[in-house]
Amino acid sequence: MDEKLIQRLEAAVSRLESISSSGIQSRGLPSVDADGNVPVDPSIIAFDDLLNQYFVKVSSVADKIGGKVLEVTKVLEEAFSVQKDLLIKIKQTKKPDLANLGEFLKPLNEVIMKANALTEGRRSNFFNHLKAAADSLSALAWIAYSGKDCGMSLPIAHVEESWQMAEFYNNKILVEYRSKDPNHVEWAKALKELYLPGLRDYVKSNYPLGPVWSVTGKTTVSPPASAPSKAPAPRGPAPPPPPPASLFTSESSNASSSQPKKGMAAVFQEISSGETVTAGLRKVTADMKTKNRSDRTGVVGASAKEIPTSTSSFSKSGPPKLELQMGRKWVVENQIGKKNLVIDDCDAKQSVYLFGCKDSVLQIQGKVNNITVDKCTKMGVVFTDVVAAFEVVNCNGVEVQCQGSAPTISVDNTTGCQLYLSQESLATSITTAKSSEVNVLVPGSGADSDWAEHSLPQQFIHEFKDGHFVTSPVSHSGA
């Protein structure tokens, strides 16, 4: 055997023995690959160091909290374990084409979908924890970067951008539990450190330009051994097709504004184009019309009452929109239940207008002239910089996070508005009118300090003094 290879194996064994003796080996994270070989590659060893340094903190706090938080933390553990196995496989495999790349990364995508499934259904008391963890896992998709034409940001930038969406919910944990339970605050801080600086620095040091595939490795692509085995095909009727949303398919998400429209957006675009899209539909004959039906009566039974559903893909006012009009105005309308809306191709001359959106989150990456949120409910907006103003009008339950600067923020005729300001936006001017439950959260003085919450007054006292009225806010004090 080559003497250099023996030396490398001995060094790897010594390192593994030292990790084991120090008691910091991460739980359930394999230190050998699927074939039982010790991964001596420096990038694999560095990945173990990442988990031992950062993930152990998240896991230990999750053990104290238990419940749904522990459950989603175990899914996080599984996702990072699968990514490590994929990195080992990459060292042994030639770079596949786009179709086989999606199949190769399928195990990781399945774990991410498992995390997203925990956030669905009846809302848990730990919904913010589940959303923060599930959204953060999109950062692991950096491994799918295959070049500047693949439609993704560089791996380092992708990790940072992915965490920005998760941070929206992570900050809500810090605010909610800062005076209730320090374990939840510690979990949220440890989760952020896992990605920033943890995963970001790892990618920066080892894969700044994406994964490095083997030149002489095997060409057949197969899932790693640790990937979940497929369940046997059930008998009977075929199951419904899987959800179309995948981080690793060749098609980009239709929520991204910089890509051509696909999916339902393409359907709406085709309908509005005036083409003969109804050519194959059945015709309504005279006997099928309500006025000609023999069983039609003037009494409406109780069973005939329609029950509205909340799963409609678009509101009654029209189909959803996310498009740039006339090259100057981004229009986001009637988006319902969409948590991954992104505008990433904007400039300081453009404006953004949101209307009729509900239970959605929009992220605006870049500087724009102004942003207006109109008639939206339970809407979250994360933006970087605005040149003129950010306006909230006729809304209910809006949460806004400013990561850069905003000279003016206006809240008008709105109930429930949470404003998260960055250090650069503390000098902003906030104007409120006919609004209630407006809270502003500002960062603490230190890097690890909690956010400070300030409620803006909604009641005022007007007193006539010296020939004019003097207005002052009402202050409440409790015993």
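Note: hydrogens, waters and symmetry copies are ignored here, and every other heavy atom, side chains too, is used.
Note on ring orientation: taking the six-membered ring where Trp is involved, the planes of F390 and F383 are parallel (angle under 30°, cut-offs 30° and 60°). Ring-plane geometry between F355 and Y353 is classed as parallel, the angle between the planes falling under 30 degrees on a 0 to 90 degree scale with a further cut at 60. Between Y177 and H184, the two ring planes are parallel [angle under 30°; tilted spans 30° to 60°].
Separating the CD atom in Q164 from the CG atom in L196 is a distance of 8.5 Å, to the nearest 0.5 Å. Taking CG of L456 as the start and OG of S436 as the end, the distance is 11.5 Å to the nearest 0.5 Å.
Under a 4.0 Å N-O distance rule, the pair E71/K74 does not qualify as a salt bridge. With respect to the salt-bridge test (charged N to carboxylate O, under 4.0 angstrom), the residues E78 and K114 qualify.
With hydrogens and angles ignored, the 3.5 Å screen pairs no side-chain donor or acceptor of T372 with any backbone N or O of E391. Side-chain N or O atoms of S360 include one that pairs as donor or acceptor with a backbone N or O of Q335 at under 3.5 Å. Between the side chain of N170 and the backbone N or O of A188 there is at least one donor-acceptor pair closer than 3.5 Å. In this structure, H158 contributes its side chain and S138 its backbone to a donor-acceptor pair below 3.5 Å. Side-chain atoms of D374 never come within 3.5 Å of backbone atoms of L354 as a donor-acceptor pair (strictly under, hydrogens ignored).
Annotation: side chain to side chain donor-acceptor pair (under 3.5 Å) contacts involving residues 195-204, sequence neighbours excluded, comprise S136-Y195.
Taking every heavy atom of both residues into account, P155 and L209 meet most closely at CG-C, 4.2 Å. Scanning both residues, P443 and W451, for their nearest heavy atoms gives N-CE3, 3.8 Å.
Between Q325 and the choices K329, E323, R328, the side-chain hydrogen bond (donor to acceptor under 3.5 Å, both in side chains) rule is met once, by E323.
In this structure, F168 has no ring-ring contact (aromatic ring centres under 6.0 Å, His included) partners at least two apart in sequence or on a different chain.
Using a 4.5 Å heavy-atom cutoff, the side chains of D85 and K89 are not in contact.
Remark: the S153 side chain and the E161 side chain contain an N/O donor-acceptor pair separated by less than 3.5 Å.
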